[in-house]
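The first residue in the sequence is number 1, and the count goes up from there.
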Amino acid sequence: FEGMTISELAKRTGRSIPFLEEILVNVGEEVGSEFDPVSIDVVELIAMEVGVNVKRLHSNEGAELLPRPPVVTVMGHVDHGKTSLLDALCQTSVAAKESGGITQHLGAFVVDMPSGASITFLDTPGHAALSAMRARGAAVTDIVVLVVAADDGVMPQTLEAMAHAKAANVPVVVAVNKCDKPAADPERVRIQLGSEGLLLEDMGGDVQVVEVSAVTKAGLDKLEEALLLQAELMDLKARIDGPAQAYVVEARLDRGRGPMATAIVKAGTLMCGQYVVVGAEWGKIRTIRDMLGKVKDKALPSMPFEFEGLRGLPMAGDDITVVNSEERARMLSEGRGKKLEKNRLEKIGEGRIETPNESE
Ligand code: GTP
Ligand code: MG
């Protein structure tokens, strides 16, 4: 849609040129000739006004693509050791060690390896984050670590996680955890996974299996190697230049600083001072911090960061769109807010969701 003219928009939406020009005037846009190209934000605004759905397609054409670290989500059955494994992995990071460790993950952390390679781990409840982002058509997750406890074996949520990964078209690396336990039976886990249709490496497939223990930390280096190997096979690259395409991983309200969001850039570069629309919220990026709390002036692909400057609290999975001015940000978020409200009312009308309880 980028670079579309008013004349073309009129054809596509079936609305008259004066009608569209009026919308433009209302949002403070300069209206030149009907053959002048309009910006993508304006296209989105017009589309919302006339009830057409648009999806922003970010073109990487002609842009230089550079390698980026993989973004990994840990999933698995309850109590199989997802949190323990993430904590243990976080402690293996060179940077985390140097800075005296991280007390709070805030939804994501980066493991820096002595080799210079790094892996980004998402710390959010796997299922929720993955489906929220998938629903928005954009998985930030490149690889799923499927955690299976060696003593417990494949359980219902193991299968659910497998199904999620498959639906999102994200490759899986299996971490057979709790291998320190006397009752551990990694071989049985392999057989179970194989019979559930996972094509494991040692059975001729390409899904890697690594035996680990979050408690003794055995095998963590192997797991990291396996993830980097998987990433290499996927040839992960991103455009660095140009406007950021980013997603919220987690959001929280800080009493002093207001709404804070942890996010990951998928492509492009997000910079301090930029105006953004995040889901139906908007703001100006005031501060960017990396996961060690260091203040940065920009955020690059695959590197999680926390930022302040939003007017309201966004939701995990919300997309972050950079716009040119405060005015645009305001208009777009208003438009999106109205659209969300309309969708919600329609759903209530269809009896698909419950009306919020008064006491909540
Ligand atoms: P939920 O978030 O509730 O789904 O659980 P989880 O998957 O995050 O599991 P968590 O890390 O909380 O671990 C559950 C229990 O297993 C805890 O008591 C851990 O101490 C224990 N545990 C986790 N990993 C290991 C391991 O490698 N070896 C042993 N022996 N115990 C482990
Ligand atoms: Mg947990």
> If you group Ile, Leu, Val, Met, Phe, Trp and Tyr by side-chain heavy-atom gaps below 4.5 Å, do I17 and L9 land in one group?
Replying inline: yes

> Is there any salt bridge (charged side-chain N to carboxylate O under 4.0 Å, His left out) pair reaching into residues 216-226, and which pairs are they, with sequence neighbours excluded?
Replying inline: none

> Should the pair D318-R336 be classified as a salt bridge under the 4.0 Å nitrogen-to-oxygen rule?
Replying inline: no

> Just by modelled atom types, is the S93 backbone N or O under 3.5 Å from a matching donor or acceptor in the D112 side chain?
Replying inline: no

> Can you list the residues that meet the salt bridge (charged side-chain N to carboxylate O under 4.0 Å, His left out) rule with E334, with sequence neighbours excluded?
Replying inline: none

>> Going by the rule side chain to side chain donor-acceptor pair (under 3.5 Å), which residues pair with Q274 if we only count those two or more places apart in sequence or in a different chain?
In response: none

Tell me which donor-acceptor pairs under 3.5 Å the side chains of residues 203-213 have, and how far apart each pair is, sequence neighbours excluded?
{"from": "Q208", "atom 1": "NE2", "to": "A226", "atom 2": "O", "distance (Å)": "2.9"}
{"from": "E211", "atom 1": "OE2", "to": "R190", "atom 2": "NH1", "distance (Å)": "3.0"}
{"from": "S213", "atom 1": "OG", "to": "D180", "atom 2": "OD1", "distance (Å)": "2.8"}
{"from": "S213", "atom 1": "OG", "to": "V215", "atom 2": "N", "distance (Å)": "3.2"}
{"from": "S213", "atom 1": "OG", "to": "T216", "atom 2": "N", "distance (Å)": "3.0"}
{"from": "S213", "atom 1": "OG", "to": "T216", "atom 2": "OG1", "distance (Å)": "3.2"}

Side-chain donor-acceptor pairs under 3.5 Å in residues 75-82, sequence neighbours left out?
{"from": "H77", "atom 1": "ND1", "to": "Q157", "atom 2": "N", "distance (Å)": "3.2"}
{"from": "H77", "atom 1": "ND1", "to": "Q157", "atom 2": "OE1", "distance (Å)": "3.4"}
{"from": "H80", "atom 1": "ND1", "to": "A149", "atom 2": "N", "distance (Å)": "3.1"}
{"from": "H80", "atom 1": "NE2", "to": "D152", "atom 2": "OD2", "distance (Å)": "2.9"}
{"from": "K82", "atom 1": "NZ", "to": "G76", "atom 2": "O", "distance (Å)": "3.3"}
{"from": "K82", "atom 1": "NZ", "to": "H77", "atom 2": "O", "distance (Å)": "2.9"}

>> Tell me which pairs pass ring pair (Phe, Tyr, Trp, His ring centres under 6.0 Å) where either residue lies in residues 294-317, with sequence neighbours left out.
In response: F305-F307

>> Other members of the hydrophobic cluster containing L300, with the 4.5 Å side-chain heavy-atom rule, please.
In response: L66, I240

> Is there a side-chain contact between L159 and M162, using heavy atoms and a 4.5 Å cut-off?
Replying inline: yes

> Who are the salt bridge (charged side-chain N to carboxylate O under 4.0 Å, His left out) partners of R330, not counting sequence neighbours?
Replying inline: E326

> Which atom pair, heavy atoms only, marks the closest approach of V72 to T141?
Replying inline: C-CG2, 4.5 Å

>> Assess whether a salt bridge exists between E341 and R344, defined as any Lys/Arg side-chain N lying under 4.0 Å from an Asp/Glu carboxylate O.
In response: yes

In residues 114-121, what donor-acceptor pairs under 3.5 Å come from side-chain atoms, sequence neighbours left out?
{"from": "S115", "atom 1": "OG", "to": "A117", "atom 2": "N", "distance (Å)": "3.3"}
{"from": "T120", "atom 1": "OG1", "to": "S302", "atom 2": "O", "distance (Å)": "2.7"}

> Would the number of heavy atoms belonging to other residues, nucleotides or ligands and lying under 6.0 Å from CD of E232 be above 12?
Replying inline: no

>> Suppose the criterion is salt bridge (charged side-chain N to carboxylate O under 4.0 Å, His left out): which pairs have a residue in residues 253-262, not counting sequence neighbours?
In response: R252-D254, R257-E308

>> Holding to salt bridge (charged side-chain N to carboxylate O under 4.0 Å, His left out), I want the full list of residues that pass it with K181, two or more places apart in sequence or in another chain.
In response: D151

> Where is the tightest heavy-atom contact between D142 and P69, given as atom of each residue plus distance?
Replying inline: OD2-O, 4.2 Å

> I285 and L270: which non-hydrogen atoms are nearest, and at how many Å?
Replying inline: CD1-CD2, 3.7 Å

> What's the shortest heavy-atom distance between V265 and A246, and which atoms?
Replying inline: CA-CB, 3.8 Å

>> Under the rule for side chain to side chain contact (heavy atoms under 4.5 Å, CB included), what residues qualify as partners of S325, not counting sequence neighbours?
In response: E327, R328

> Does N177 use its side chain to pair, donor to acceptor, with the backbone of A214 at less than 3.5 Å?
Replying inline: yes

